[in-house]
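Dropping the structure in here first, questions after.
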Amino acid sequence: MAGLMSHTNHRNLALALVVEGGLGLVAFGIGWLLGHSPAIGMAWDRSTADEQLRAIGLGVLATLPVLVALVGLDRLSVQPIERVKDLASQVIHLMFPRPRWWQLALVAAAAGLGEELLFRGLLQAGLSKFIGLPAGPWIALLVASLVFGAFHWLDTTYALLAAVAGLYFGGLLLLTESLWPPIVAHALYDFFALCYVLRTNKTVRYEV
């Protein structure tokens, strides 16, 4: 049984990495067709290394507010939030019957990179450029966040929470003009949220 669970974990990990990484490839492919690179502010060379590292550090700091919000919502113990936690735990358990922390970390990193390239780098930044100033950035932020919420639909509450998270990540892009902060904040949040949800669930836990 343990061997079967391990095989399932590895197979589904590979599938998750392909899907999430594929979103990034889709973003680059569509961006190439449209003449728009989704890798906003991510050009790495010797002259910009310090700037890129600061953007990554900002992404680490930007994780804290969303983690505080996660714990605060959990402490409310309201039925819609409890249902979201149960749904998330069930989905994780289906993908990873005995999840290990490094598997969750890899999935979170792939999600942060792939989803931010697609929803923020391509959709938000591309739509903002297409509409133009002054309304473009705000309309694009709203549209990208709503699409992001719909993409994460498990139920209405989960989709709304994802849309709010999309507003936050998109706001980071607007403030910094770099995709590094939303990528890092998204990936770290996903990892800690997965660990937190599983640790507080009575039936599904992750292993070291």
Side-chain angles (χ1 to χ4, degrees), residues 10-49 51-53 55-56 58-59 62-63 91-92 95-96 102-133 135-154 158-159 161-191 193-194:
H10 290 307
R11 181 193 64 198
N12 288 343
L13 173 62
L15 177 61
L17 294 179
V18 167
V19 170
E20 295 291 356
L23 295 178
L25 294 178
V26 168
F28 278 112
I30 296 177
W32 178 77
L33 290 174
L34 298 177
H36 167 76
S37 172
I40 308 298
M42 296 177 70
W44 196 293
D45 56 46
R46 183 174 298 179
S47 64
T48 63
E51 181 181 342
Q52 303 295 323
L53 290 173
I56 291 171
L58 180 59
T63 311
V91 170
I92 297 167
M95 290 186 63
F96 304 108
W102 60 268
Q103 293 172 328
L104 301 180
L106 284 176
V107 171
L113 182 61
E115 292 181 15
E116 291 307 310
L117 283 168
L118 181 63
F119 293 105
R120 251 62 66 182
L122 177 68
L123 180 56
Q124 180 180 325
L127 186 59
S128 175
K129 183 189 297 185
F130 177 77
I131 297 174
L133 296 172
W138 307 107
I139 294 174
L141 173 62
L142 179 60
V143 171
S145 300
L146 291 175
V147 175
F148 184 71
F151 180 81
H152 288 82
W153 193 289
L154 288 179
Y158 194 92
L161 291 174
V164 172
L167 286 171
Y168 180 75
F169 297 139
L172 290 177
L173 176 60
L174 284 180
L175 286 172
T176 65
E177 297 183 345
S178 170
L179 205 61
W180 280 121
I183 285 174
V184 173
H186 186 158
L188 288 177
Y189 170 77
D190 276 6
F191 174 66
L194 288 170

Report task. Search all heavy atoms of His152 against all heavy atoms of Tyr158 and return the closest pair with its distance. Result ->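 Taking every non-hydrogen atom into account, O-CD2, 2.8 Å.
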Query raised in the report: In Å and rounded to the nearest 0.5 Å, what is the CG to CG distance from Leu123 to Leu117?
Result: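 Reported value, rounded in 0.5 Å steps: 12.5 Å.
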Query raised in the report: How close do Ala111 and Asp190 get, heavy atom to heavy atom, and via which atoms?
Result: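 That would be CB-OD2, 3.7 Å.
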Query raised in the report: Which pairs count as salt bridge (Lys or Arg N to Asp or Glu O under 4.0 Å) when at least one residue sits in residues 118-127, sequence neighbours excluded?
Result: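 Listed once each, the pairs are Glu116-Arg120.
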Query raised in the report: For the residue pair Pro137 and Gly132, what are the closest heavy atoms and their distance?
Result: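 Scanning both residues, the minimum pair turns out to be CD-O, 4.2 Å.
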Query raised in the report: Where do Val107 and Leu13 come nearest, in terms of heavy atoms and distance?
Result: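 In terms of heavy atoms, the two residues are closest at CG2-CD1, 3.7 Å.
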Under 3.5 Å, side-chain donor or acceptor atoms of residues 19-43 against the rest of the protein: list the pairs with distances, not counting sequence neighbours.
residue : atom : partner : partner atom : Å
His36   : ND1  : Lys129  : NZ           : 3.0
His36   : NE2  : Gly121  : O            : 2.8
Ser37   : OG   : Ala39   : N            : 3.3

Report task. Rounded to the nearest 0.5 Å, what's the gap from CG on Asn12 to CG on Leu17? Could you check? Result ->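 Going from the CG atom of Asn12 to the CG atom of Leu17 covers 10.5 Å.
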Query raised in the report: What about His186 and Phe148, are their ring centers closer than 6.0 Å?
Result: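 Yes, close enough.
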Report task. Working to the nearest 0.5 Å, report the span between CG of Leu58 and CH2 of Trp180. Result ->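 Nearest 0.5 Å value for the CG-CH2 distance: 13.5 Å.
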**Report entry** Contact summary for Pro181 and Ala55, nearest pair of heavy atoms
**Finding:**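 That would be CG-O, 3.4 Å.
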Query raised in the report: CD1 of Ile92 to CG of Leu194: how many Å apart, nearest 0.5 Å?
Result: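 If we round to the nearest 0.5 Å, Ile92:CD1 and Leu194:CG are 4.5 Å apart.
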Requested in this report: Start with the C-alpha distance between Phe169 and Glu115, add both sets of side-chain angles, then the distance that settles side chain to side chain contact (heavy atoms under 4.5 Å, CB included), and finish with yes or no.
Outcome: CA-CA 11 Å; Phe169 297 139; Glu115 292 181 15; over 6 Å; no
Output side-chain donor-acceptor pairs under 3.5 Å for residues 138-146, partner residues at least two apart or in another chain, one line each.
residue : atom : partner : partner atom : Å
Ser145  : OG   : Leu141  : O            : 2.7
Ser145  : OG   : Gly166  : O            : 3.4
Ser145  : OG   : Leu167  : N            : 3.1

Query raised in the report: Closest approach of Leu104 and Phe191, non-hydrogen atoms and distance?
Result: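 Smallest interatomic distance, heavy atoms only, reads C-CD1, 3.9 Å.
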